[in-house]
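Notes to accompany the following structure.
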2 protein chains.
Amino acid sequence: MVTIYDIAKKANVSAMTVSRVINNTGKISKKTEAKVRKIMEEMNYVPNQMARSLVLQQTKILFLLITDITNPFYTTLSRGAEDAANRSGYRLLFGNSDENLQKENDYIHTILSTRVDGLLVAPTGDASLPHLEQLRRHKVPFVLIDREVPGMDCDVVLGDSKGGARTLVEHLIDNGHRHIAMVNGLSTASSARLRLQGYQEALLLHSLHMPDNYVFETSYKLHQQVTGNDMPVLPSLEAWFDQLEPRPTAIVAGNNVIAIEIIRMLRKKEIQVPEQISVVCFDDFGLYSEIAPFMTVAAQQAYQFGYMGMQTLIERIQNKDHEAQPWRKVVLPAELIVRDSVAPAKDEQSQ
Amino acid sequence: MVTIYDIAKKANVSAMTVSRVINNTGKISKKTEAKVRKIMEEMNYVPNQMARSLVLQQTKILFLLITDITNPFYTTLSRGAEDAANRSGYRLLFGNSDENLQKENDYIHTILSTRVDGLLVAPTGDASLPHLEQLRRHKVPFVLIDREVPGMDCDVVLGDSKGGARTLVEHLIDNGHRHIAMVNGLSTASSARLRLQGYQEALLLHSLHMPDNYVFETSYKLHQQVTGNDMPVLPSLEAWFDQLEPRPTAIVAGNNVIAIEIIRMLRKKEIQVPEQISVVCFDDFGLYSEIAPFMTVAAQQAYQFGYMGMQTLIERIQNKDHEAQPWRKVVLPAELIVRDSVAPAKDEQSQ
DNA sequence: TTGTATGCGTTATCAT
DNA sequence: ATGATAACGCATACAA
């Protein structure tokens, strides 16, 4: 490995002079600068970030930890975060926790030991609290996106989960549906709790009462990796659906991936969407809504989640005393996009 | 920051003893070990990876550089790479070059200066050669995925682009199409060149001759970020299409994203797919093919790309003298999945 | 079983 | 404008 000393020796200067050239710090004569630069070129010198961080105590590297890299909501969010980071002269590295607390733990450990300057993180759920506390103890600035964690005061960028869910349910009610079930994410995630509240509020507002078992909880993430063209249907989802009485005329999905699970289950049972059952969900489908303008959704501004979250993080970092400012909470609206997965309820069903 | 010395002092031992506890190296008494561990817990000690790497000259961190994080082919590939890396005790960090040579350059620089142990990289194209040469000079082991780069001998995991393209075109020919155009990725990517070859071979084999302007090149990546629900149609694509004579009855897309651009353009012009024009493409759509089983594709084994690539990389790293072994080239097959974006050509068109 | 001295590659401080 | 020295946090070689 070619070091700053190799350059120095070849240029007949001290290592300090080379360092000054690299960092544009201090005064140096045009002549030596040119000479040093030339030799750095020749020897393909690249500064060792490890050594540099060790003394500088900063890396100019930020980290984004998402929960599902195969979900277009998070990949679009990533692009927003990337743009914001680059615009401020930071590099951004990504990690994927896969909705898995253990993986999240591993990443937190890597992040802690790598001493990145800051972290944008979508926590897997409330159980992430210890991880966040660890970050806080180690004074790693972080911003939460998409999900809050009770017990942790910090900056956070959220979607309007409650409002979005209400909008979805009201859209179904407007279409005459009176038996509306919900398949939600695990209630260990704040977004799932709020979406459930939104669902319940909308029903209450219209004086509708659903059977107790009309709400089902599952993972926000596909239960199995997509490897080919066929994939088993989530068994528990099907079992839940089979025992519903009466059968719902519409289902609200907690996110886009859950919607896919539902559609697959219904297709397996040869139930038509939307003719026999309407389906709506949170989050849009990125590119895919373009070629398959099918699902009616409450679209969240994924790119903005990343961009705003990253900006908040950077501002927090660049403020000298990190934790002095009051914590910020940004809530981004969800927008109803009506497509073709909802049909008017039939009369005998809407009573 | 709490260091190994802080632990040592509190435990009344030397820093070396603490280091030995951390790394399970050398002999230490149960009692001191227990004491040291307890204090590390109490003080929330996390080893400084920077300092450690500086002396160990390795990080146990690998890197995956992809070209489009919003493309499900690459995100599924990422999941495969992640699993393979974790299985071997490595952490994996991601970067997204966005099909942008400058961004790729920035990432290579970060990677070089961060001294990761190895790199799995999908190069943006032939112009990536200098970046790879730089990696080689700095003895950073790397494996190419998805695209080769002429002039660089190295391990590489590719898809059967030529065969896949031939299969797609033959499927169209089997359906009676005689006027088949192609919208391909930039020919600066090896995959695009091979897909073009496959297209041409299939035509030749069936003694079909297309007008010269029947092949159009564009980016593999969406030309504009998806931020909302409407997005302008790629102007040059539309201009190209408008001047085709005769108008093709089928179009082959170089990848899934290009297929989306084509569908959008045709929809804008109110041309029905597949009734008026059939469309097929490379790469599947991940989750989305599940809810919109529409596009006929040559599906590549995205997960396997990542998994095999990562395994190849790790084996290369763990072999003492990296570059002694002969380079490996893995070619993964593409599978035709017939769906609904192809219709038989009408008689007057198929002549 | 445990400790001391040294070096990894860089920058800050202080000197010249 | 340039250089010498110490320090960042850790692990290796060698000693005790």
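Predicted, not measured: the structure shown is a model, and the values here were computed from it. In what follows, chains carry the letters A, B, and so on, assigned in the order in which the sequence lines appear, proteins first and then strands, with residues in each chain numbered from 1.
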Value in whole Å for how far the P atom of C/dG3 lies from CE of B/M16:
10 Å
Whole angstroms only, please: what is the NZ-C1' distance between B/K60 and D/dC10?
18 Å
Polar pair under 3.5 Å, donor/acceptor by atom type, side chain A/R115, base D/dG9:
no
Any chance you could lay out the ring-ring contact (aromatic ring centres under 6.0 Å, His included) test for B/F63 and B/F142, step after step, and finish with the verdict?
CA-CA 9 Å; B/F63 204 97; B/F142 65 90; over 10 Å; no
Closer to the 5' end of DNA chain C via nearest nucleotide, is it B/R20 or A/T3?
B/R20
Nearest-Å distance, CD1 (A/I22) to C1' (C/dG9)?
10 Å
Considering every strand and a 4.0 Å limit on heavy-atom distances, what is the contact class for A/T25: base, sugar-phosphate, or nothing?
nothing
Could you tell me whether A/M50 contacts a base, only the sugar-phosphate backbone, or nothing, with contacts defined as non-hydrogen atoms closer than 4.0 Å?
nothing
Could you state the atom-to-atom distance from CG of A/L56 to C1' of C/dA12 in whole Å?
9 Å
Is the phosphate of D/dG9, meaning OP1 or OP2, less than 4.0 Å from a side-chain N or O of B/Q49?
no
Atom pair distance, as rounded to whole Å: CD1 in B/I7 and P in D/dA11:
12 Å
Between C1' of C/dT11 and CG of A/N23, the distance in whole Å:
8 Å
With a non-hydrogen cut-off below 4.0 angstrom, is B/S53 in contact with a base, only sugar-phosphate, or nothing?
nothing
Can you find a side-chain donor-acceptor pair between B/S29 and B/T32 that sits under 3.5 Å?
yes
OP1 or OP2 of C/dA12 under 4.0 Å from side-chain N/O of A/S19:
no
Please check the phosphate of D/dG9 (OP1 and OP2 only) for any side-chain N or O of B/R52 closer than 4.0 Å.
no
Rounding to a whole Å, what distance do you find between B/Q58:CD and C/dG9:C1'?
17 Å
Here the distance between atom C1' of D/dT12 and atom CD1 of B/I4, to the nearest Å, is 12 Å
Test item: side-chain donor near acceptor, A/D117 and A/T59, under 3.5 Å
yes
